[in-house]
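Input: a single structure, listed below in structure tokens.
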Amino acid sequence: AQSVTQPDIHITVSEGASLELRCNYSYGATPYLFWYVQSPGQGLQLLLKYFSGDTLVQGIKGFEAEFKRSQSSFNLRKPSVHWSDAAEYFCAVTINTGTASKLTFGTGTRLQVTL
Amino acid sequence: GAVVSQHPSRVICKSGTSVKIECRSLDFQATTMFWYRQFPKQSLMLMATSNEGSKATYEQGVEKDKFLINHASLTLSTLTVTSAHPEDSSFYICSAPGENTQYFGPGTRLTVL
């Protein structure tokens, strides 16, 4: 069965500092990969996704992620964090992109931003 | 982008009562919707797949008689937690698939006393 691991439960960074959130997946083939952000009281918002092609994908809000097949990783990065980035971040995978595709989520990483 | 709403956003009920949660796709049609449960400080766990016009598909370990799902139209799916108990207290989130992604509702916080 496919699985997603986010090793960091909680990360604190200073505003303006760079950020990297880790995500590792376990699956026999290359899954389709997503990063979502969840702010308190709000639904999950898609930051970016990887299906194929260029392994460095750009997302919204200045986020990017790099797919590394050899490491089974899809880490999320941002060069300069803003206080409004404080939220819960989830990495997710699916084995297909059909309308009935099921997402498997990691346990999430809570980001705290200090001023 | 596409919008998915949930109602209510928060509900408190007594043990033994039933609670209905609605999930609506506001500007698009969804023949399929997903229901997730999220316990505090944990990830989202898929509970079931709601199918318009047919029975829902439940994930292993989810009691279909306890979590009743009805997909009455192309824009509405409901989840009814029957005979709720304190251990059912959780954050319930629905989603509807879009183009190569899923659109998530804001979630419903259920507290069973």
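Just so we're on the same page: letters track the sequence lines, and every chain starts at 1.
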If you look only at distance, which donor and acceptor atoms sit under 3.5 Å apart when one is on a side chain in residues 107-115 of chain A and the other is two or more places apart or in another chain?
from: Thr109(A); atom 1: OG1; to: Gln6(A); atom 2: NE2; distance (Å): 3.4
from: Thr109(A); atom 1: OG1; to: Asp8(A); atom 2: O; distance (Å): 2.5
from: Arg110(A); atom 1: NE; to: Glu88(A); atom 2: OE1; distance (Å): 3.2
from: Arg110(A); atom 1: NH2; to: Glu88(A); atom 2: OE1; distance (Å): 2.9
from: Gln112(A); atom 1: OE1; to: His10(A); atom 2: NE2; distance (Å): 3.3
from: Thr114(A); atom 1: OG1; to: Val13(A); atom 2: O; distance (Å): 3.4
from: Thr114(A); atom 1: OG1; to: Ser14(A); atom 2: OG; distance (Å): 3.4

Practice prompt. Linking directly or through intermediates, with side-chain heavy atoms under 4.5 Å: list the remaining ILVMFWY members grouped with Ile12(B), chain and number order.
Written response: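 The other cluster members (ILVMFWY side chains, heavy atoms under 4.5 Å, direct or chained) are Leu113(B).
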Discussion item. Could you measure the distance from the CG atom of Leu103(A) to the OH atom of Tyr36(B)? Nearest 0.5 Å is fine.
Written reply: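 Answer for the CG-OH pair, Leu103(A) versus Tyr36(B), is 4.5 Å.
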Discussion item. Within this structure, what is the CZ-CD distance for the pair Phe105(A) and Gln38(B), rounded to the nearest 0.5 Å?
Written reply: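 The CD atom of Gln38(B) is 9.0 Å from CZ of Phe105(A), to the nearest 0.5 Å.
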Discussion item. With a strict 4.5 Å heavy-atom criterion, list every residue of residues 59-94 of chain B that contacts chain A, or say none.
Written reply: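 Expected list: Glu59(B), Phe91(B), Ile93(B).
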For residues 54-67 of chain A, tabulate all N or O donor-acceptor pairs below 3.5 Å that involve a side-chain atom, not counting sequence neighbours.
from: Asp54(A); atom 1: OD1; to: Leu56(A); atom 2: N; distance (Å): 3.1
from: Gln58(A); atom 1: NE2; to: Glu64(A); atom 2: OE1; distance (Å): 3.1
from: Lys61(A); atom 1: NZ; to: Gln45(A); atom 2: OE1; distance (Å): 3.1
from: Glu64(A); atom 1: OE2; to: Arg77(A); atom 2: NE; distance (Å): 3.4
from: Glu64(A); atom 1: OE2; to: Arg77(A); atom 2: NH2; distance (Å): 3.3
from: Glu66(A); atom 1: OE1; to: Arg77(A); atom 2: NH1; distance (Å): 3.2
from: Glu66(A); atom 1: OE1; to: Arg77(A); atom 2: NH2; distance (Å): 3.4

Worksheet item: Got Leu44(B) and Leu44(A) here, is their nearest side-chain heavy-atom distance under 4.5 Å?
Response: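 Result yes, sub-4.5 Å side-chain heavy-atom pair found.
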Path from [X] to [Y] over hydrophobic side-chain contacts below 4.5 Å:
| X | Y | value |
| --- | --- | --- |
| Phe90(A) | Phe51(A) | yes |
| Met45(B) | Val4(A) | no |
| Leu46(B) | Trp35(B) | no |
| Leu48(A) | Val37(A) | yes |
| Leu19(A) | Leu47(A) | yes |

Worksheet item: Which atoms of Gln102(B) come close to chain A, meaning under 4.5 Å heavy atom to heavy atom: side chain ones, backbone ones, both, or neither?
Response: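 Contact with chain A: backbone and side chain both.
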